[in-house]
Novice: 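Mind looking over this structure? Questions follow.
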4 protein chains.
Amino acid sequence: MSLAAQQRKHSKRQQIIDAAVEVFARSGFHGSRVADVAREAEVADGTIYNYFKSKDDLLISIFEQKMGDMIQQAEEVIAPVSDPLEKLRRLACFHMDNVERHINVAKVLQVELRLSNTFMKEYEPVRLRQYMDIIGRVLEEGIASGVIRSDVSSVIVRRAFFGALDEIAMQWILTPGARYGLRESAEQIARVFVRGIQATGPRVSPSV
Amino acid sequence: MSLAAQQRKHSKRQQIIDAAVEVFARSGFHGSRVADVAREAEVADGTIYNYFKSKDDLLISIFEQKMGDMIQQAEEVIAPVSDPLEKLRRLACFHMDNVERHINVAKVLQVELRLSNTFMKEYEPVRLRQYMDIIGRVLEEGIASGVIRSDVSSVIVRRAFFGALDEIAMQWILTPGARYGLRESAEQIARVFVRGIQATGPRVSPSV
Amino acid sequence: MSLAAQQRKHSKRQQIIDAAVEVFARSGFHGSRVADVAREAEVADGTIYNYFKSKDDLLISIFEQKMGDMIQQAEEVIAPVSDPLEKLRRLACFHMDNVERHINVAKVLQVELRLSNTFMKEYEPVRLRQYMDIIGRVLEEGIASGVIRSDVSSVIVRRAFFGALDEIAMQWILTPGARYGLRESAEQIARVFVRGIQATGPRVSPSV
Amino acid sequence: MSLAAQQRKHSKRQQIIDAAVEVFARSGFHGSRVADVAREAEVADGTIYNYFKSKDDLLISIFEQKMGDMIQQAEEVIAPVSDPLEKLRRLACFHMDNVERHINVAKVLQVELRLSNTFMKEYEPVRLRQYMDIIGRVLEEGIASGVIRSDVSSVIVRRAFFGALDEIAMQWILTPGARYGLRESAEQIARVFVRGIQATGPRVSPSV
DNA sequence: AATGAATGAGGTTTCATTCAT
DNA sequence: GATGAATGAAACCTCATTCAT
């Protein structure tokens, strides 16, 4: 395949993904017909099946691509920071900023993905674990360097941290006129978790 | 309607709900046919529609009933406790114990409910908010009494707390051989949140 | 199920089979939509699936029923006859009469069945073998009684006899204005086979 | 067009036909995609349409070519023989030998062709008639020369003879472990037909 | 002549729900 | 209230064919 052909193919695949994000965000995954995505992408119905195995595969491909982007960007966000606790704060903010800036993508990732039987029951959400692993590595780093208490389970807390962010994001997406901004929520969650896990210094030390 | 008839009605309605919990937990909401529930409940297909408006209504009714139970029991769990922070710990443990003891109910509430378009998009999950409101009230109580920092947003943290528990529970349900017990997770999450929100006053030793 | 209900059910099943024979004969199996059969039978599309597993199953059910009828009638046709050679002649006539009288059924059995992948590749045509077994038994009877030569293979000849009848019938069905009558063909084929297999005794001129 | 180009065209056309025979025999006509044939023939999908009007046309072209070969060879097989009855015997053997030696071709001609709507309903199988006409001519020859009874209808018997051979061949192809050899079947069928149609002269014992 | 990406028509089947008994 | 046979809408996906390159 020539380079031009590759680009054309890439561009068409991307064209379909972009259209699907729009359509799924607007009508939901189950509420959208493949034909709707095709019309939005300005291709024929069958063309979608030249790039994706099934409607489910299209959804999963969106997830893979967008989560891949998030994983990479999250790594970049914490790279220049050395304090693990500050890293957590930045991750929280990054997560929420992402939701806010790419609301359609967020709608699909947060809401529609969960509505797909395939996703939750047959698809192994590797990317999701990779994303949480970033949090996990920061936690372990902090434990190793002593800024995070050693009785913190990175396995549990990484998921709890993600769950907290996720639940807020979900609510924000589902509630058109939310009462709180996502940035404020990110800061609040980060503050609670940071205080909750940080090692207490020479200051009178909590015994537990 | 006679009392006996009412009881019979109640009994048949409950019979259907119990059957639906079994069937939905086993095959998923979308993977279960109304006829499957009918067979499990040992009633005719049409009979279900004498008690529930639709298949979605059946799912929502399970949610209403089971969340109603949880709300009531959660209230009872924290009633005898006075320390708001200890109340949070007990709520976390109660939540996870419930998941562990009623795994089929948990599967339906945590997993299957999310697979129903109707639930997330048209149904207002009042019970869920009531459940989180319990957490919220404890938080506000703590803020008022000074054991919780006043910069804690009860609106955000109640949802973050629930999200943390929920995400762990979801993972536990979806992963047959989880590495951590739910009780341990509950304690861990409670500890992080309690430390994260408690006021650092002249008090020397936090009790949790 | 009450007797009335059974009759109703039977009648509806038969109603669908009768409609399917009409429609399949008119437009071919592949050329007919399930909806066409439903309209002809004056039932809803879905009703067909209360009685048949699939469109293929409907075709096979027609085959089973009609071949079952033919098998039974063929047995009756030869029952009162004692001469195996005369039995063969009557079977040939019976076969062709059937084609002529139930041309729509014949069209489906002879032509459409062969167009169904399922039939020829996955379905074991037991009934077809049973039908040919009737011929085979007559042959063996004749061999045993000495009126048929002992070097005749009943296994081969039964199929050859059927193939000869079948090919003529097929042609007759596919060619609207056939040059020869089926009855005449039946007699001709019977005569050739009878002469071809009969033991040559002291008699010089065969009587058939 | 140069001679070389003609040969190339012929070669590519033949390449596609050969590939199609393989693929159709393996997966059936309906079960094979044009793309499968293209891959087997090592050409692009579209190339097939430079040589054949449609998928059906490809099937028909196979039929035309292979039946053309058979017709020619059948003529050659009977050319050196003078006795019409012996000619029939040789035709039967030739037919079955062909099936046995070119089983893939036979699978396509005998089985797959019948699965094609087009073939049976719109295509006039001229070649098939030509093939049967060879049998017919032999019969008429025999009638004219007196070795075949004059009450034999060549129109009917040619088709019956073919039908007998065809049915046996079909069964042999569809049943992997057939009980009888095709050569034996050919001899058996020939013997029955020859005895069945030959004039009973002063001679008492038929020679075949 | 060769390519292969793009096209788009077309139909079986499921299953939630109804309603006559 | 209970039944369960009948209903009918709704959409994914395949694949033969085309045509710009």
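What's counted below: heavy atoms across the whole structure, side chains too, no hydrogens, waters or symmetry copies.
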Novice: Expressed as a whole number of angstroms, how long is the span from C:H30:NE2 to F:dC15:P?
Specialist: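 Those two atoms, NE2 and P, are 13 Å apart.
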Novice: Does B:K53 place a side-chain N or O at less than 4.0 Å from the phosphate oxygens OP1/OP2 of E:dA16?
Specialist: no
Novice: Starting from the 5' end of DNA chain E, give me the residue, C:R33 or D:V43, whose nearest nucleotide shows up first.
Specialist: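 Upstream on the strand: D:V43.
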Novice: For E:dA20, which nucleotide in any strand shown is its Watson-Crick or wobble partner with both distances under 3.5 Å?
Specialist: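 With both distances under 3.5 Å, E:dA20 matches F:dT3.
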Novice: Taking the side chain as every heavy atom from C-beta outward, state whether C:S32 and C:R26 have any atom pair closer than 4.5 Å.
Specialist: no
Novice: Side-chain contact, heavy-atom cut-off 4.5 Å: C:I17 with C:Y51?
Specialist: no
Novice: Verify the contact: side-chain N or O of A:T47 to OP1 or OP2 of E:dT7, cut-off strictly under 4.0 Å; return yes or no.
Specialist: yes
Novice: Nearest to the A:D45 side chain among E:dT3, F:dC13, E:dT17, which nucleotide is it?
Specialist: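 Looking only at side-chain atoms, A:D45 lies closest to F:dC13.
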Novice: Is there side-chain contact between D:I173 and D:M170, with heavy atoms separated by less than 4.5 Å?
Specialist: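 No, every pair of side-chain atoms sits at 4.5 Å or beyond.
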Novice: By nearest atom, which of the nucleotides E:dC15, F:dT17, F:dA6 is closest to the C:K12 side chain?
Specialist: F:dA6
Novice: Within this structure, what is the CD1-to-C1' distance between B:I48 and F:dT3, rounded to whole angstrom?
Specialist: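 Taking atom C1' of F:dT3 as the reference, CD1 of B:I48 is at 12 Å.
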Novice: Using purine N1 to pyrimidine N3 plus N6-O4 or O6-N4 for Watson-Crick, or N1-O2 and O6-N3 for G-U wobble, each under 3.5 Å, what pairs with F:dA9?
Specialist: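 Check on F:dA9: paired to E:dT14, both distances under 3.5 Å.
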Novice: Identify, between C:V34 and A:G46, the residue whose nearest nucleotide on DNA chain E lies closer to the 5' end.
Specialist: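 Mapping each residue to its closest nucleotide by heavy atoms, the 5'-most match is A:G46.
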Novice: Going by purine N1 to pyrimidine N3 plus the second Watson-Crick contact, or the G-U wobble pair, all under 3.5 Å, which nucleotide sits opposite E:dA1?
Specialist: none
Novice: In whole angstrom, give the distance that lies between atom CZ of D:F52 and atom P of E:dA1.
Specialist: 13 Å
Novice: Scan side-chain atoms only and decide if D:Q14 and D:D18 contain a donor-acceptor pair under the 3.5 Å cut-off.
Specialist: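 Per modelled atom types, D:Q14 and D:D18 side chains form a pair under 3.5 Å.
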Novice: From CZ of B:F24 over to C1' of E:dA16, roughly how many Å is that when rounded to an integer?
Specialist: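 Going from CZ in B:F24 over to C1' in E:dA16 covers 12 Å.
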Novice: Taking the side chain of A:N50 as its heavy atoms from C-beta onward, which of E:dT17, F:dC13, E:dT7 lies nearest to it?
Specialist: E:dT7
Novice: Within a strict 4.5 Å, meaning less than it, do heavy atoms of the D:R33 and D:R39 side chains meet?
Specialist: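 No, every pair of side-chain atoms sits at 4.5 Å or beyond.
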Novice: Below the 4.0 Å mark, does E:dA6 have OP1 or OP2 next to a side-chain nitrogen or oxygen of A:Y51?
Specialist: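 Yes, within the criterion.
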Novice: Can you tell me the distance, in whole Å, between the CZ atom of A:R39 and the C1' atom of E:dT7?
Specialist: 16 Å
Novice: Taking CG from D:D56 and C1' from F:dC15, how many angstroms apart are they, rounded to a whole number?
Specialist: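 It is 14 Å, rounded to the nearest whole Å.
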Novice: I need the CD-P distance between B:E42 and F:dT3, as an integer number of Å.
Specialist: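 Taking atom P of F:dT3 as the reference, CD of B:E42 is at 11 Å.
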Novice: Go through F:dC12, E:dT13, E:dT3 for me and flag the one nearest to the D:A44 side chain.
Specialist: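 When the side chain of D:A44 is considered, E:dT3 is the closest of F:dC12, E:dT13, E:dT3.
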Novice: It should be established whether C:K55 places a side-chain nitrogen or oxygen under 4.0 Å from OP1 or OP2 of nucleotide E:dG11.
Specialist: no
Novice: Using the six-membered ring wherever Trp is involved, compare the ring planes of C:F29 and C:F24 and label them parallel, tilted or perpendicular (cut-offs 30° and 60°).
Specialist: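 Aromatic pair C:F29/C:F24 classed perpendicular.
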Novice: Rounded to the nearest Å, what distance is computed from the CD atom of residue D:Q15 to the P atom of nucleotide E:dA1?
Specialist: 14 Å
